[in-house]
Amino acid sequence: ESGMWQDALRVCKEYVPHKLQQLQDEYDREMTSNSTSGLEAMIQQAREWESSGEYARAVECYMKVTPKLTSDLTVMEKCWMKAAEISIKFLGNERAQAVVENVAPKMGEHRKFSQAAELYLTVDLIKEAIDMFIVGEEWNKAKKVAKELEPRLEQYVDERYKNQLKDQGKADVLANVDVVGALDMYVEKGEWEKCLETAAKQNTKVLHKYAALYATHLIKNGDSRQALDVYVRYGAPPFQQNFNIYKRIFSDIINSRDLNRPEAYKIWADLRDVMFDLCENMSKSSDANSPPHQEFESMLLIAHYYANRSAAMAQKSLDSIAAKLSVSLLRHTDVIPADKAFFEAGMMARALGWENMAFVFLNRYLDISEAIEEGSLDMLDHSDFQDTDIPFEIPLPEKAHLTSQQHEEVKEWVLAVSMDQKVEQILPRDERNCYEASLLAPDTGVKSLPCVITGYPVLRNQMDFKTPGHVANKDDWNKFLMATKVSHSTELQDVLKFVGAWCGATPNPSYSFQ
C-alpha cells in the first residue's frame with residue numbers, strides 16, 4: 001500500500017504538480033491512522049523527498065513523526081533533529097530558524113537541553129540558546145556562549161544563576177558569586193552563625209552590618225546576653241548606627257535580676273570588655289570626647305564595678321571591697337535601676353555590720369519602691385543625701401526589681417531597726433567632714449578620683465597608674481593583689497589584667513599571676 005502511494009505521489013508531482021499538496025495531505029492522514037506502518041512509511045517518504053531534493057517536503061514529513069505515530073522517543077528525536085539538519089543545510093536562514101524554533105523546544109521538553117541549545121546556536125538564536133543551557137543548568141556553557149557571542153548577556157546569565165541558587169536555597173554556592181545575596185539568604189533562613197562566618201571573610205563593614213542585624217534580632221527575642229556575645233566575638237566598632245544596640249544591651253543586662261553573685265562574673269566582664277573596646281575605638285574616631293563617648297565611658301566604669309564586685313564576692317577577704325563597690329554604684333543611679341542599687345548596697349552594708357549605712361540605704365529602697373507603685377518620684381525626701389554625689393534626678397524604674405518576699409524582709413528589718421532606735425539614720429563621714437563615699441567634698445569643692453578597685457574616693461596613699469586619671473587606694477590595691485595571689489582566682493586575675501589594659505602599667509610590675 002505504501003508503495004502504491006509513493007508511485008501516486010511521484011506521478012502527481014510529474015504531471016499535476018498543483019495537486020501534489022492535496023494528495024500528500026491525504027497520504028499523511030492515511031499513514032497517521034495506521035501508526036506502525038504509518039511511522040515507517042512517513043520516514044520512508046521523508047527520505048525519498050530528501051533524495052529527490054524536495055527538502056521542504058522532507059522536513060515536513062520528519063516533523064510529522066509525533067506521539068500520534070510512535071511512542072518511541074528516540075525515533076521522534078532523530079526525526080526532528082534530521083528535519084532541523086536539512087533545513088539548516090538547504091532551506092535558508094529564515095526557514096531554518098522557523099524549524100529550529102519548532103524543534104528545539106520539543107527537544108527541551110524531552111530534557112535534551114544541550115542539543116536544543118546547539119540547534120539555536122546554528123541559526124544565531126543566541127539568547128534562546130543561553131536560556132536552554134540555563135534550563136538544563138549548563139551554567140558554564142551558558143556563560144561561555146554569552147562571553148564569546150553576546151557579552152551583553154553575561155550579566156543576565158549571572159543574575160539567573162544567582163536567582164536559581166536563591167530559589168534552591170544554596171547559600172553556600174551562592175556565596176562564591178554573590179556574597180550579599182548569600183548573606184541575605186542565611187538571614188532569611190535564620191542561619192546566623194553561617195551568615196557571620198561568611199561575612200567575617202569580607203570586610204569590617206559587611207561583617208558589622210550583619211552582626212548588627214543578628215544582635216537586633218536577639219534583643220527583640222529577649223536575648224541580650226547572646227547579643228553581647230556577638231560583640232565579644234567580633235569587637236564593637238564605633239559606628240553611630242550601632243550606638244542604640246550597645247545601649248540596649250547594657251540596659252538589659254543592668255536590669256537583669258540574677259547578676260548580684262560571683263557566678264555572674266563572666267557576663268559583667270564581657271559587658272566591661274565590649275564597652276572598653278568600644279571606648280578605645282571611639283577615642284580614635286571622629287566621636288572622640290563627644291557626649292556619646294562620655295556616656296559609654298560611664299557605662300564602662302559601671303560594668304567594671306559590677307565585674308569587680310562579682311570577683312570579690314567569691315573571696316571572704318574581699319567582702320568589704322564588694323560592699324564598697326555596691327556603695328560606689330549608687331552615684332550611678334541615674335543609669336542603673338535605683339531600687340536594685342539601694343537594695344544591694346543596703347544588704348551588703350548590713351551583712352558587714354555597717355548598720356547606719358544599711359538603714360539609710362534600705363529606707364531609701366522602700367521609698368523608691370513606693371514611688372514605683374505610685375508612678376512618681378515627686379514625694380521622695382532627699383534630706384539623707386544632701387551634700388553627697390548620689391543623684392536626686394533619676395529615672396523611675398518601670399517595674400520593681402525585687403520579689404515580694406525580698407521586699408517584705410527589707411520592710412521588716414527597717415521597721416525593727418526604727419523601733420529599736422539604736423541605729424542612727426546618718427551616713428558615715430570621713431576627715432573631709434562629708435559622706436565617705438562621695439567623690440566631691442562640698443565644703444572645699446575638691447573632687448577626688450575614684451579608686452579603680454572600690455570606686456571610693458582616694459584621699460591618701462594614692463597610687464597612680466600610667467594613664468592619667470586612674471588611681472587606686474594603696475591599701476585596697478594590696479588587699480586585692482594578696483587575695484589574687486592566695487586564691488589563684490581566675491576572675492581576680494582577669495580583673496587585674498583588665499586594669500592593666502585600661503589604666504596602663506601598674507606601679508608594681510614585679511607582681512605576676514602565673
Side-chain angles (χ1 to χ4, degrees), residues 235-238 243 246 250 268-269 271-309 311-312 321 324-325 327-332 334-336 388-391 430-432 434-481 484 492-513:
F243 289 176
Y246 302 143
F250 179 85
W268 290 122
L271 184 62
R272 172 201 71 195
D273 292 346
V274 166
M275 288 297 160
F276 179 51
D277 183 47
L278 172 60
C279 291
E280 288 287 282
N281 291 332
M282 283 185 83
S283 63
K284 299 178 199 123
S285 80
S286 58
D287 281 310
N289 305 317
S290 63
H293 185 189
Q294 286 158 358
E295 196 180 340
F296 288 124
E297 288 284 0
S298 169
M299 291 179 188
L300 162 61
L301 187 63
I302 291 167
H304 164 61
Y305 286 165
Y306 276 126
N308 264 21
R309 187 181 73 176
I321 283 180
K324 280 181 174 178
L325 284 158
V327 172
S328 295
L329 281 161
L330 294 176
R331 75 175 79 97
H332 296 285
D334 54 341
V335 177
I336 57 184
T388 74
D389 53 6
I390 292 171
D430 60 23
E431 68 252 41
R432 298 171 302 169
C434 72
Y435 162 53
E436 66 176 28
S438 182
L439 298 181
L440 184 70
D443 294 354
T444 59
V446 172
K447 195 171 182 186
S448 305
L449 290 168
C451 170
V452 296
I453 294 297
T454 64
Y456 262 48
V458 178
L459 305 176
R460 53 194 175 297
N461 296 334
Q462 178 170 313
M463 213 184 69
D464 292 284
F465 289 85
K466 199 172 176 183
T467 308
H470 291 87
V471 299
N473 175 302
K474 206 171 207 158
D475 297 342
D476 288 323
W477 176 253
N478 287 336
K479 197 180 209 179
F480 203 86
L481 286 187
T484 308
L492 294 180
Q493 289 175 18
D494 187 58
V495 168
L496 290 172
K497 186 176 149 200
F498 167 74
V499 168
W502 183 42
C503 307
T506 63
N508 188 1
S510 62
Y511 181 76
S512 88
F513 318 118

- Query: Who are the ring-ring contact (aromatic ring centres under 6.0 Å, His included) partners of Phe296, not counting sequence neighbours?
  - Reply: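 Phe296: ring-ring contact (aromatic ring centres under 6.0 Å, His included) contacts with Phe243.
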
Which value, rounded to the nearest 0.5 Å, describes the distance between [X] atom [atom1] and [Y] atom [atom2]?
X	Y	atom1	atom2	answer
Glu280	Asp273	CD	CG	11.5 Å
Ile302	Arg272	CD1	CZ	14.5 Å
Arg309	Leu329	CZ	CG	6.5 Å

Check: [Y] and [X] side chains under 4.5 Å, non-hydrogen atoms:
X	Y	answer
Ile453	Met463	no
His332	Tyr305	yes
Thr454	Val327	no
Trp502	Leu301	yes
Trp477	Val471	no
Val274	Phe250	no
Val452	Cys503	yes
Pro450	Arg331	yes

- Message: Salt bridge or not between Asp389 and Lys447? Use side-chain N to carboxylate O under 4.0 Å.
- Response: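 Answer for the salt bridge query: no.
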
- Query: Parallel under 30°, tilted from 30 to 60°, perpendicular over 60°: which one fits the rings of Phe276 and Phe498?
  - Reply: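 Perpendicular.
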
Check: residues 439-446 side-chain donor-acceptor pairs under 3.5 Å, at least two apart:
{"unit_1": "Thr444", "atom_1": "OG1", "unit_2": "Val446", "atom_2": "N", "d": "3.2"}

- Item | Nearest atoms (heavy-atom pairs only) where Ile321 meets Ala312 |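 Smallest heavy-atom distance, with atoms named: CG2-CB, 4.3 Å.
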
